Amino acid sequence: MFCRNTSSRLDAELLACHVCGCDRAAIYRDPNTPVTATQHKRFMQLAKHRAGGQPMAQIIGNTEFWSLSFAVDTNVLIPRSDTETLVETALDLIPTTGEPVIADLGTGTGAIAVVFATERPQATVLATDLSAQALHVASRNCRAHRASRVVLAQANWMTAFAEIKFDFIVSNPPYIECDDPLLANTDIRFEPRNALVAGPDGLDDLRVIVKQAPRHLKQGGYLLVEHGYNQASQVRQLFAERGFQRTTTQRDIGNRERVTFGRKA
Ligand code: GLN
C-alpha cells in the first residue's frame with residue numbers, strides 16, 4: 001500500500017469513494033467489495049495526480065467549507081478554514097433582521113457569498129470576480145445551494161460599482177508576496193496565481209480595496225478583509241489612513257492575526 005501516513009490514507013479513501021461513488025463508511029463496512037478494472041485504472045490515475053501534489057479538492061472537484069460542499073476547479077482558490085474566521089467575524093456583525101446589502105469581492109468559488117445567503121436569507125449579496133472562469137464556478141455553487149439572492153458580476157474590485165452603497169464589504173483578496181517560496185514549494189502552486197499573489201509585499205490588492213471601500217459603504221457600514229498572519233498591523237494602518245473606526249483584528253483557529261475590520265464613520 002502506498003499510504004505513508006494518516007493523511008495519505010484518508011486521501012486514498014476519498015479517491016476510492018470518488019471513483020466508486022460510495023461514502024467512506026462503505027469502505028469499512030464492505031472492505032472486500034470488488035472494484036471494476038475501470039475504477040481501478042481511474043483510481044491509479046488520480047492517485048498519481050495526488051502524489052504529484054495536486055490538491056484533493058481539485059482532483060475530486062469539490063471541497064467543504066462551513067459544512068457545505070463547493071465545486072472547485074483550477075480556476076479558483078480552494079476555500080480554506082482560515083476564511084471561516086472571516087465569515088464568522090462578518091456574521092457576528094451582520095444583523096439577523098432587515099435586508100442587509102453585502103459585497104463579496106473576489107468571490108472565487110462563491111463560498112463566502114453562498115454562506116452569507118444561507119445564514120442571512122434576507123440579505124442581498126453582490127459577489128464579484130475579475131475572472132470569468134471563477135464566476136462560472138461561483139454560479140454553479142450558487143445554483144447548487146439555491147442562493148438566489150447572490151448576484152454575480154465581473155469586476156476589478158470596486159471600479160465598476162458606480163454609486164452602489166453596501167452595509168458590508170467583505171473580501172478574501174490575494175495577499176501573498178510575489179516571491180514567497182510557498183508559491184513554488186507547496187501544493188498551492190496548483191492554484192491560480194492571480195487569486196493568491198498581490199505584489200512585492202502582498203498588499204497591492206488590500207491597498208486598493210481599503211482605499212475604494214469608504215465610497216461604497218453606507219455610514220456605519222463595515223469593511224472586513226482577510227490577510228496574511230504577518231500583515232495585520234499594516235492593514236490596520238491602511239484602515240486608519242482611510243478614516244475607519246473601531247478597527248479590530250481577529251485571530252484564526254491557529255491563533256494568527258487573520259481578519260481585520262473597521263466601521264465607516
Ligand atoms: N490563505 C491562503 C494561503 O496562505 C492565501 C489566500 C489568499 O491569498 N487570499 O494559502
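First listed ligand is number 1; within each ligand, the first listed atom is number 1. Quick caveat, the model's predicted, so the values are computed rather than measured.
Note on ring orientation: taking the six-membered ring where Trp is involved, the planes of Phe70 and Phe65 are perpendicular (angle over 60°, cut-offs 30° and 60°). Relative orientation of the Phe168 and Tyr222 rings is parallel, given thresholds of 30° and 60° on the angle between their planes.
At a threshold of 4.0 Å, the pair Asp167-Lys264 does not count as salt-bridged, since none of the basic side-chain nitrogens sits closer than that to a carboxylate oxygen.
Closest to atom 8 (O) of ligand 1, if we only count protein heavy atoms, is Tyr175 N, 3.2 Å. Atom 2 (C) of ligand 1 has Arg80 NE, 3.3 Å as its closest protein atom, hydrogens excluded (heavy atom only). In terms of protein heavy-atom proximity, atom 4 (O) of ligand 1 is nearest to Ile176 CD1, 4.0 Å.
In summary, the atoms of ligand 1 found under 4.0 Å from a heavy atom of Pro174, numbered by their order in the structure, are 8 (O). Counting atoms of ligand 1 from 1 in the listed order, those under 4.0 Å from a heavy atom of Ala195 are 8 (O). Taking every heavy atom of Asp82 and a limit of under 4.0 angstrom, the matching atoms of ligand 1 come to 1 (N).
Between Asn172 and ligand 1, at least one N/O pair is under 3.5 Å apart. Residue Pro173 places at least one N or O, backbone or side chain, under 3.5 Å from an N or O of ligand 1.
Heavy-atom contacts from other residues, nucleotides or ligands closer than 6.0 Å to NZ of Lys218 number more than 12. More than 12 heavy atoms of other residues, nucleotides or ligands lie within 6.0 Å of CZ in Arg236, so this atom counts as buried by the packing criterion.
Distance CG/Leu105 to CG/Leu130: 12.0 Å, rounded to 0.5 Å. Rounding to the nearest 0.5 Å places CZ of Phe161 at 10.0 Å from CG of Asn156.
If you look at Ala198 next to ligand 1, there are no close heavy atoms at all, none under 4.0 Å.
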